[in-house]
Participant: 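One structure, pasted below without further comment.
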Amino acid sequence: MSERRKQFPFPEFEPKWQQVWLERQTFHAPNPREPGFEPAKPKFYVLDMFPYPSGDGLHVGHLEGYTATDIIARYKRMKGFNVLHPMGWDAFGLPAEQFAIKTGLHPSVATARNIGRFKNQLKKVGFSYDWARELTTTDPGYYKWTQWIFLKLYNSWFDPKIKAARPIEELIATRQLEFPDQSEDELRDIVDEHRLAYVTEAPVNWCPELGTVLANEEVVEGKSEVGGFPVVRRPMRQWVLRITAYADRLLDELEFLDWPESIKLLQRNWIGRSVGAQAMFRADGLDEVINVFTTRPDTLFGATYVVLAPEHPLVNRVTTPAQRAAVQEYREKVSTKSDLERTDLAKEKTGVFTGGFAINPVNQERIPIWIADYVLISYGTGAIMAVPGHDERDFEFAQKFGLEIRYVVEPPAPVESCFVGDGTAKNSGFLDGLPTAEAKDKVIAWLEEQGSGKRSITYKLRDWLFSRQRYWGEPFPIIWRNGRHEALGESDLPIVPPPLDDYRPTGTIEPPLAKAKGWITLSDGATRELNTMPQWAGSCWYFLRFTSPDNANRFVDEAAERYWMSGDGARQSWRGGVDLYVGGTEHAVLHLLYARFWHKVLSDLGYVSTIEPFHRLVNQGMILGHDNQKMSKSRGNVVSPDDIIEEYGADALRLYEMFLGPLESTKPWSMSGVEGVYRFLARVWRLAMDDDQEGQWQLSSSLSNVELSAKQQKVVHSTIKKVSEDLESLSYNTAIAQMMIFVNEFTGAQIRPVEALRTLLILLSPFAPHLAEEIWWRLGTSFAGFQGMACEQPWPEWSDKYLAEEEVQIVIQINGKLRDKVNVRKDLGKDEIEQVALASMKVREATRGKSVRKIIAVPNKLVNVVVD
RNA sequence: GCCGACGUGGCGGAAUUGGCAGACGCGCUGGACUCAAAAUCCAGUUCACGCAAGUGAGUGUGGGUUCGAUCCCCUCCGUCGGCACCA
């Protein structure tokens, strides 16, 4: 098969042009003030979600998004933009480390090797990346600044008054002014409680197999996302980032982004803002108050018991001696349960009575206090008032344990049991008769008046667990002295991990860095933080670093950041950012939320010029194997780009990636489809080239500098129009279809106008750059008008005058059914086409002996004759 | 369970301020070229009936609005994705 003669000599010219582009630095984008920078042009920043260089290499699915952005990048250059189109490597992280442990190859070695392979593969596809801007997150020159940003987080706090981060010094100064007598230690405690990066001892997701703690987002159905190992909950001291402070802004500032609505919705749901109230229930006989959060304060009169999360701090206080043993046993059982077990057992509610009672603030009623694991310590206040009449979970629990069920909302239509919708308050004292919304407002006002509650908002979003007990990640720029953490200075950066031969997890909660005895202790007795940052860290700001990847003095060059992120124009805070960001839906929540969070902090502190990092986001769909299954090694349906390039060339690969279907939909790969676009490219080639008797390719003798016929002009101009418009909307598949129509038209021509071919090559150049370049160059040897490279030509304009029709076909319908077609002069009026329609034989036959009830005439479109 | 997206020929997919359903490609059928094949070129290809002209049906299901619905509204079914005791 591979011995078969190629239909056009891509194995020769594809590497040739890749070499030429590289040598001439065709796609290098200079920064402002650098040689070659053209200030008159507008900027366009088009970015791929950079890959994690795994050991398996790329498959055709990865290349879909990369091809889409490359075509846009090439198109925008031809449209006269300064285009920033970079690529780099997200190289820290668990898979590389797991691989290293398995093979004994050091992660840095494996990573370097994988990057080499990925880069080679990408180069063979002919992508127009500015390789001078390549970056790697594991490079000390890069992670120095990741650590620097961490210091900014550590040394900042969120001021709720201005809803923005401020330097921690401002908080310290304020506190010193307000509380001059406060001790050094007290001040430290207050300040540490406000930092955007803080330490907390809390139940975390501990994965014994991986030897690390994981973020909630990295745990899927009670198992680790990487490897699928069991995860248990246990309390540990951890670094956490205060992303919840930004919950409202992360929510509100989504509005201005040009993102798919579905992705915005995913983020909104993830943040999970709930508006309601906190109500205070006194613990009967104790000097304690149980704070509960509810979104239905209007049902307070229906509360028949209170439930605390098993981990709630007041559990011990409210438990009576008689119940102590049972409570203790239950808490122990719950604490050792893994998340998986907890989820599995979700169907069956469990809980224990504490023996204690609480006083309902609205009616002073004494109701029992239970503990149950259906109440989560990490959400709201970790305690609820149970209203089994109007909450399904409480209803289920009350039924199981024989607790009272009381109905306090009258449903609009009768319901058998538990009713969770809105209705009218009843059995609720001063709320009786009020609709749900009003009852909520009234009871909140009442609670606030009484000092026993307040309006309150809660989020599902949790603070971001930021430390990992692993080796292959950024070390924290933090040391510990006398049980307190301290930030290292900026001049100490980067903190380079010690070279460890044995970087395996220790088997205990101690991170692997603990093994570097000489490294952990500093000369003055302080010890280093041993945790490392999670994989997300490096990808939170790489798009910024691309603007000036080699800057050694600052995390980004100020002018470069401003130029590429916000352009030269006025600073519209909501319009800036990467102009087009393309990647998979798997990052819809985590990466995109984390990056937005860091960006907002940097923005608040004045380090970046926009409030959002990515203005327009597009998710490419997944490419499935020929069997309609997700591509995976185990299924054996993975298609490697290397094989396609070998057989059909990079241009065919690029074109098929785009011809497959709409960028955003999931679609299966098919080899005969590749064959189809390959044939199309061969037809383009033969439009310009003939082979002689020895099989040598030479310029076709049919080529000539002749005028185009009207029909040819129309095809040329409608192709310019269609391709231009489709590129703007990323509808690559239909743009390619139109170029096929173009080629079909000219293949039949006896004499082929060079001018038409010239236009086609320019339009085709972003899609199939090698072929376009090669034919362009060959035509240039015999014809005028082919100076420079195809990829550097200005994008052609279409002229409507060639598209205008003198005649249009009008459809004639009878009772909505197609019965005839006639050609008429364009823009005939309603009455005129009506007459034409009525004159038609078909209409006369159909209306014979019947009465015409109505005629609908749409100029240039159709006439519909309605008869009885 | 809740939220969201999507259902169009044998296949991937086009077409929507409501106006010729099936562009383009794959596959298939026939023809030209060839000793022959491959490649290429030309023609045809939604389904049913028919030699044909044509007739009827047709965009997951059932209904509605309309002169007219792939497109708008309601119902149900299916596929995919997200969330999942979040009070």
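Everything numeric here is computed off the predicted structure, so don't read it as measured data. Labels below follow one simple rule: chain letters A, B, ... track the order of the sequence lines, proteins then strands, and each chain is numbered from 1.
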Participant: If you take all heavy atoms of A/L828 and A/P859, which pair is closest and at what distance?
Facilitator: O-CB, 3.6 Å

Participant: Using the P atom in both, what is the distance from B/G62 to B/U55, to the nearest Å?
Facilitator: 25 Å

Participant: Which parts of nucleotides 20-26 of chain B does protein reach within less than 4.0 Å, heavy atoms only, written one letter per nucleotide 5' to 3' as B for base, S for sugar-phosphate only and - for none?
Facilitator: B--BBSS

Participant: Can you tell me if the side-chain N/O atoms of A/K667 get under 4.0 Å from OP1 or OP2 in B/G12?
Facilitator: no

Participant: Less than 4.0 angstrom between a side-chain N/O of A/K817 and OP1 or OP2 of B/A57, yes or no?
Facilitator: yes

Participant: Please give the stem ranges for RNA chain B, sorted by first residue number, where a stem is three or more consecutive Watson-Crick or G-U pairs and both donor-acceptor distances are under 3.5 Å.
Facilitator: B:1-7 with B:77-83, B:10-12 with B:24-26, B:27-32 with B:40-45, B:46-49 with B:54-57, B:62-64 with B:72-74

Participant: Check whether any side-chain nitrogen or oxygen of A/Q7 sits under 4.0 Å from OP1 or OP2 of B/U40, and answer yes or no.
Facilitator: yes

Participant: Need to verify one output field. Residue with the more 5' nearest nucleotide on RNA chain B, A/R686 or A/Y379?
Facilitator: A/R686

Participant: Name the orientation class of the two ring planes belonging to A/W685 and A/W697 (parallel below 30°, tilted from 30 to 60°, perpendicular beyond 60°).
Facilitator: perpendicular

Participant: Going by the rule salt bridge (Lys or Arg N to Asp or Glu O under 4.0 Å), which residues pair with A/R853 if we only count those two or more places apart in sequence or in a different chain?
Facilitator: A/D868

Participant: What's A/R273 touching, base or sugar-phosphate or nothing? Going by heavy atoms closer than 4.0 Å.
Facilitator: nothing

Participant: Once you apply a heavy-atom cut-off of 4.0 Å, does A/K460 come out as touching a base, just sugar-phosphate, or nothing?
Facilitator: base

Participant: Mind checking A/I384 for me? I need base, sugar-phosphate or nothing, with any heavy atom below 4.0 Å counting as a touch.
Facilitator: base

Participant: Would you mind telling me which of A/Y678, A/F680, A/Y648 makes a ring-ring contact (aromatic ring centres under 6.0 Å, His included) with A/F8?
Facilitator: A/Y678

Participant: Flag the pair A/K349 and A/D373 as a salt bridge only when some basic side-chain nitrogen lies within less than 4.0 angstrom of an acidic carboxylate oxygen.
Facilitator: no

Participant: Please determine if a side-chain N or O atom of A/S262 lies less than 4.0 Å away from the OP1 or OP2 oxygen of B/G82.
Facilitator: no

Participant: According to side-chain contact (heavy atoms from CB on, under 4.5 Å), who are the partners of A/K630, at least two apart in sequence or on a separate chain?
Facilitator: A/M622, A/R635

Participant: List in chain and number order the residues that pass ring-ring contact (aromatic ring centres under 6.0 Å, His included) with A/F746, two or more places apart in sequence or in another chain; answer none if no residue qualifies.
Facilitator: A/F742

Participant: For A/E392, check salt bridge (Lys or Arg N to Asp or Glu O under 4.0 Å) against everything at least two apart and list the hits.
Facilitator: none

